[in-house]
Structures are given as structure tokens and as C-alpha cells.
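Scroll down for the structure; my scribbles are underneath it.
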Amino acid sequence: MIKIVKRDQPSRAIFFLTPILAIFLTLVAGGLIFYIIGFKPFEALKFFFIVPIADMYGFSELLLKATPLCLIAIGLSFCFKSNNWNIGAEGQLTFGAIVSGGVALIFYEQEGFYILPIVILAGAIGGMLYASIPAILKTYFNTNEILVSLMLVYVSKLILDYLVVGPWSNPEGFNFPETRQFSDSARLPILFEGLRIHAGIFLALAAVVASWFIFYKTYLGFQMKVSGFSLKTAKYAGYKGKKMIILVFLISGACAGLAGVGEITGPIGQLHREVSPDYGFTAIIVAFLGRLHPIGIIFASLIVAITYLGAETAQIFMQIPKYTGQVFQGMILFFLLASDYLLFFKIKFTGLKK
Amino acid sequence: MNTNLKISNVTKIYPGCVANDNVSLEFNSGKIYALLGENGAGKSTLVKILSGVIIPDEGKIYLNENNLKLNSPLDAKKNDIGMVFQHFNLFETLSVFENLIIDSDEQRKSLREKIDSIMKKYNFSIDLDIPVLNLSAGQKQKVEIIRCLIRNPKVLIMDEPTSVLTEQETSELFLSLKKFSEEGILIIYITHKLKEVMQLCDEVAVMRRGKLVSVSQIKNENIESLANKMVGQNLKTIKKRKAKTSSDQLINITNLNFISEDPFETNLNNINFSVNRGECLGIAGISGNGQSELFQVLSGEILSDKNSIEYNKNYIGDLNPQERREYLMAFSPEDRLEQAAIPQMAIFENVALNNFKSSNFFNNGLINENKIKEHSKKIISDFNVNTDNIELKSQFLSGGNLQKLIIGRELITAPDLLICFNPTWGLDVGAINYIHETLIKINEQNKSIILISTDTDELLKLSDKISVIHKGKLSNIMNADEVTSEKLGILMGGGN
């Protein structure tokens, strides 16, 4: 007989083990899917998860993809820890990219050390402005931040579309939907010759350290934590709960905006239609897979980044559509949520009963 | 026709707690049975088993020799077991009749006739076509009882039915219950109020820590003997010292109003009172009459006109709770788990919720964990919180220990005024005694208390002055030694 028993208290070990279990189950299920559609499961998984990062170039691509995921997920962890469901990071990323790209275009013929900081700052501010919309509507008009932040994603994508096709399109660009190239001063430096990994990774690492410090060491972080658990308690303690909500949205928006800056000022160096392959949505999975903990988010962003690379390799070598990557991302989240059940319940084998 | 209900060897185990330990009981119609015990003694579990809400791990239930399989509340209903819960399960915005027809299979017309005849028979007068939210607590309870009676129950279980009733409503309820009993309905009455057991019941079963400790005839018992059985030890009685006559005014409320945008909250209407140093002002009332709003206005969770609250010669109506704490006020809210503490956080983190500038918990925006932990250890030892691990999540403290922690957190900073709301709600007798002793001690140190409580006995025991809140209005302030619980009951019900 198998019995499901409620745990006396959620297990700390299980809390960190379930993400690993979820990844394992994803691999098994992924292998099974490959088998069903007629591939050798182990070979396919090898193409998906090992081949892409087998050389230096692949590894740098991994970091390149993990950077925005990590940055956005860190920002989202502020929101999610305080029970604010910002799922519009993709929109905040896009809007951050629009604002920083706009600023970079102003300086397109100029050089100077001061340009890059302004461009970066503009991206952060753009993300914050865009995130402030659901935050203010939530705190002062009681709207649901899930709906508002999600719908704003499509608004920002349409704005971007309009700009790169219309007013901002490159006059010498043969009507391609893209802007001029930014000047070198407006671009994040590439770290190694021949690889695409750029200085944006330092922004992500700085965000990791800062979020750890704010959450575990400061009064501000303590107030966010309390407000997240219970607004009633926050009110009773005398914290300004509404300001706290707006603040976490702003932090989250700034991080997403910075990720947007990295996408356009890094290797690409111009604004174009597809700024992000849904990093803003995938980062939600990263945040939860990393248990909203800064260190966990680093590992989670690397793992999820592989699914992007693997999908590309698989498309090239096995002629599988690259959307398989999203299938894997979906499975990770699915298995993570399912195995979270084990946090609160345990399975007990009681032997046969008469 | 006689009804015989038998509980045989029922056991229900929860992780870390045996809620019912091999309980066997037998009931026969024609009598009213009391099931007596402290909070956590296991009486609610037993009753939930009888009503199909919980399935026991072991044991059987027989109704007239038939073994009942109670897997859901519906099974209980089908087997003619009716239950009135402590918290009403009514839709506030629907009419009384709509509420009654929801779980009935009968036609509107025949049901209406049936309800009319029930109301006539037992002298209930309730307008069936007004929304439930316009009813008093006593009337809502009658609706719940009618809902059971429609099904012609053999057994009627009442779970702590008087906790929301006035004295008058309580005696009406008792009359009805006696009538039901005469008609052959078996009545099981769950309570921890000894006086009611003596008034109403014929037999009493006492439970303690999941076990049945005694079954006896009421005529062989008295209040003291039952109390000792219930608690398992001889209780010492607490005596409040005679009130010192102090004329040094600490807090003065004038013309305080609060109009809520939320239709489920109560507006406060022209509240005026003052409290002197060393005095305890009790505010009585049936819950939902504005106590929660009054507490929030006093604590600063709801801001009011600056001049409406004068405290120690400062006007503080527009200050938030944290700013008020700096003036040496302390607050203990009603809801321990959702407001006064955060169950998912460690004990020491909960201690940091009450933060003074001078306590240095947070320096330059950084958490000073050592300071907080040091402070927490002191609270735990000074206020007898039964743990030595301050990193324990507070959800693992019992209600009593959590309340000691909260009261300790608020008191260790030596405030001049403590405002507390139902401080002993849901606690066992030992913890209640401890909290009461602590509150008396505060008064003896010339500090003041505003005690908002729905427990009349507690108010009479601790207060120097008492006022009653009814529909957001405060009655005249009376001296506690001139007030009786009957008088309070009348005022609580809105009478004069």
C-alpha cells in the first residue's frame, strides 16, 4: 500500500532537491518524446544538452543566453517573493531596449566614454517606467497586475515594430526592419575576441550580489519580505505597503530593462524586430527553478539557457523545429510544480494491508 | 421513537498530535449531552467525525445499531445527523429563504410551508425574504437550526453556539434546545463554558488532550469539579487589585469617526473616551460591531483626524503604528497568525516587527541580527515562551506560546499603554491565566491598558472601567464593579 501523508513541516532538503528532480524528470520525458517521434533518445539528448556547450564558443553562447535570463529572474524574484505577480518582464525588457536604443541612436555619430553609461541608465529607466504602470494601477486602482503586465507586453512589442519599420528605421537599410548601427561608444564591450559574450554578464552578477544583500541584510529587504507574506502585518508594523509594491515592480522593471540593453548593445548593436526570444517569459521559469534565491537563479539560468542552444543545434543536426526548446522549458516548469507537492506531502510505503 | 448514537473506539491521529485517542461514548435521545473540553482537547475533531467532515483512522459509529459510513457531510445529512457550526455557513447577500432552499430537494412551495410550520412551532420570527446580512447573529443561528430541522434530524450537534450570542439570545437558544430534546431529538452540545453546561445539560462528557476523561450526570457535578476535570489540575483564581484612583490622563479620544468604503466593515460613530494611568478600560461587544476598526484606529493602521487622539499631551491621530510606538504605545492585534505575527518567519524575525529607534534592530538600513536575537532570547525567557530556539518558524509555536511571544514583544519595551484585542482568544486555560496575570501586572506598574474583548468574563475580571461597543457606537463608560454580565449582555444586544 502506498499512502500519502502530510509532512509536519516542509523539508529544507526537499526544497532544494525538487528542482534537481524536476530536471531529471524533464530529461526522462524529453528522451521519451524523442523516442516516440523516431530518434534515438540518448543521441538526441546529447545533441540537445551536450554538443552545444562542448567548445569555448558554445560555452560563451551559453553565458550570453544565461545573462538576460539571470538578470530578469533576479528582478522577478523581488516581485514574486512579495507576492506581486509581474509576468510582463518581456514587455519591460522591450521597452527598456526601446528607450536605451533611442538614446544610443541620438549618439550614433559620436564617440565618448560617457555614452555607454547614459545608454545603460536609459534602459533601466525605460524598464522601470513600463513596470510602474501595472504597479500604480494595482496599488491605487486595484487592478490585477497579472493581466495588466501581460497585456502591456504586446503593446511594447507593437511600439517596437512601429519604430523599427517607421521613424527609426535605417535610412540606408533597404527597408529592413532595423535601425542604424549604434556607435562603438554606445555598445557593451565584447569580452573575448571571436566570442560573443559581452560585459552585460557583469550587470547580471552585480544584480545577483545586490539582490542577495538587499534581501538578507537590509531593513528594506525585511520590509519587502514582511509585506509579501502579509500586507496586514506590514500595516500593523507601520511599513508603507503600497510603496513597497511599487518599489519591487521598479526593481524588477529595471532588471528587465537592463537585460534589454544587453540584447541590443551587445553583439547586435542595433534595434530590430526580435529583441528577445521570450527571455522575459522564460525568466519566470528560471526564477522559480532557482527557488527565488540568488545563487539558485544563477544555476537555473544556465540550465534553461541550454534549452535555447540545444533547440538550435537540434534544428541544425536533427531537423527538429527549434520550438522543442520551449517544450523543454514547459516541461521543467511542469515537473517543478508537480514535485513541489513533495514539499508538503510525503509518500509512505506501508506494506500490504490485509 | 428513541435514538441511540454510539461512538465506538474512535481514534484520529494527526502528525504530532493524537486528536482522538480511543474515544467511546453513548448517547440516548431525551437528554441533552455536553461535550466539554478546552481548545485542542479533541471535541471539534470528534464532532467533525460525527458530521462526516473528517474520517477517523479507526473506530465505528452506530446510529440505532446501524454502523454508519460517514465519508462526507452529505452522508451525515442522509443519516439524519444535523450540525450547526460555530461559524455560520450562510450566503450573506442571499435571502434567508434562498439560503434554505440551496441544499434542499423540496419544491419551493412545500418547503416554504414546512419552514413556516417549524417557525410557528418553535416561536421563531424571521423574515424569510430579507438578505442574511441584515440578521443578528442569533437570527443567523436560527436560520442554521431551521436548515437542520427541515430534514427532521434524529441528532442535532451544536458547536460552541453561544460564542456570538448575547445573554438574551443565549437563553432563547436554550429554551429551543430543551424543546427539541422533548420532541425526541438527541442533542449534543459542545462548549468550554461551564456555566452553560450546568444550566442546560443532563449529562456531561469531558475531554482532555484527545482522551475522554469522564462521563457523569450534571446533578453530581459543580463548576469547580468540571473545571478541574477539564484542565486536569486545580486552578488558582486570579484576583485583580482594587483600582487605584489616578486622575492622570494618558489618552483621550474625542469625536473620533471612521467611515469605511468597505461594506463589510463597521463605521465608527463619534467615539469619546479617556484612560488614566494605571487603568484598564475594557470594551465589550459582540464581534463585528466595530472592534476591529476601533483597534486599527487606535493602533494607527487606520489614520484619523490628528486632534481626535490626544496621547500624553500630543496629538497623534495622523501617525502610523511605528510612529505611535515611539510614543510608548504597544499593540496586540486579534489575529495572531495573519497580523500580529508571520508564521513562515522565524521567532526572532517576528520580534523585529516591533521596532523602536532606540532598540537598534536596524542600523543605517542594515539588519542588526545579533541585537534582534539577543532581544528575542530575553523575551522568550522573561515571558515563558516554551522553546529555546529563536530560529524556529513561529508557526510551530502553540497558540498560547505565540501569544506570549507577541505580548512579550510588545511589553518588553515598557510601553505606557497596551492596546490589545481578544488577547486570550482560542488559548487554553493555563495560557489564559498567564496572560491575565501579565495584564494585571502592567496595571500595577501604573501602565494603562485598553482591552477590547468579546469575552465578558475576561473583561469583568481585568477592567477598571467598561464600555460596550454596538454598531460602531460606544456606550457610557461604567465602573467595572457596578456592572453585571447581564447588564453588559443587554448593551451588547443594543438595548439600554
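Lettering follows sequence order; numbering is per chain, from 1.
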[X] atom [atom1], neighbour heavy-atom count above 12 within 6.0 Å:
{"X": "B/D388", "atom1": "CG", "answer": "no"}
{"X": "B/E326", "atom1": "CD", "answer": "yes"}
{"X": "B/F361", "atom1": "CZ", "answer": "yes"}
{"X": "B/K371", "atom1": "NZ", "answer": "no"}

Original post:
Contact part of B/A341 toward chain A, heavy-atom cut-off under 4.5 Å: side chain, backbone, both or neither?
Top reply: backbone

Subject >> Segment of B/E349 engaging chain A (4.5 angstrom heavy-atom cut-off) >> reply: both

Subject >> B/R325 side chain to A/A237 backbone, donor-acceptor under 3.5 Å >> reply: yes

**OP:** Name the option with the most non-hydrogen atom pairs under 4.5 Å to chain A; the candidates are B/P343, B/A340, B/G300, B/P333.
**Re:**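 Highest number of heavy-atom pairs under 4.5 Å: B/P333.
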
Original post:
Do you know which of B/N320, B/L353, B/L319 has the most heavy-atom pairs with chain A at a distance under 4.5 angstrom?
Top reply: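 With the most close heavy-atom pairs to chain A, the winner is B/L353.
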
Original post:
A/F213 versus chain B, heavy atoms under 4.5 Å apart: side chain, backbone, both or neither?
Top reply: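 Just the side chain, heavy atoms under 4.5 Å.
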
If you take all heavy atoms of [X] and [Y], which pair is closest and at what distance?
{"X": "B/I367", "Y": "A/Y216", "value": "CD1-O, 3.9 Å"}
{"X": "A/V226", "Y": "B/M345", "value": "CG2-CE, 3.7 Å"}
{"X": "A/G238", "Y": "B/Q322", "value": "O-OE1, 3.5 Å"}
{"X": "A/K232", "Y": "B/D335", "value": "NZ-OD2, 4.0 Å"}

From [X] atom [atom1] to [Y] atom [atom2], the distance as rounded to the nearest 0.5 Å:
{"X": "B/I342", "Y": "A/K225", "atom1": "CD1", "atom2": "NZ", "result": "9.0 Å"}
{"X": "A/L220", "Y": "B/L366", "atom1": "CG", "atom2": "CG", "result": "11.0 Å"}
{"X": "A/Y239", "Y": "B/N355", "atom1": "OH", "atom2": "CG", "result": "6.0 Å"}

**OP:** Evaluate side chain to side chain contact (heavy atoms under 4.5 Å, CB included) for B/Q296 paired with A/K235, printing each intermediate quantity in order.
**Re:** CA-CA 10 Å; B/Q296 291 181 60; A/K235 215 172 165 192; 4.2 Å; yes

Original post:
For residues A/Y219 and B/N363, is any side-chain donor paired with an opposing acceptor at under 3.5 Å?
Top reply: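 No - no donor-acceptor pair under 3.5 Å links their side chains.
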
Original post:
Is it true that the NZ or CZ of B/R409 lies under 6.0 Å from the centre of A/Y236's six-membered ring and within 45 degrees of the ring axis?
Top reply: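 Not flagged: B/R409 not positioned over aromatic ring of A/Y236.
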
Subject >> NZ/NE/NH1/NH2 to OD/OE distance under 4.0 Å, B/E369 and A/K217 >> reply: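 Result for this pair is no, no salt bridge flagged.
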
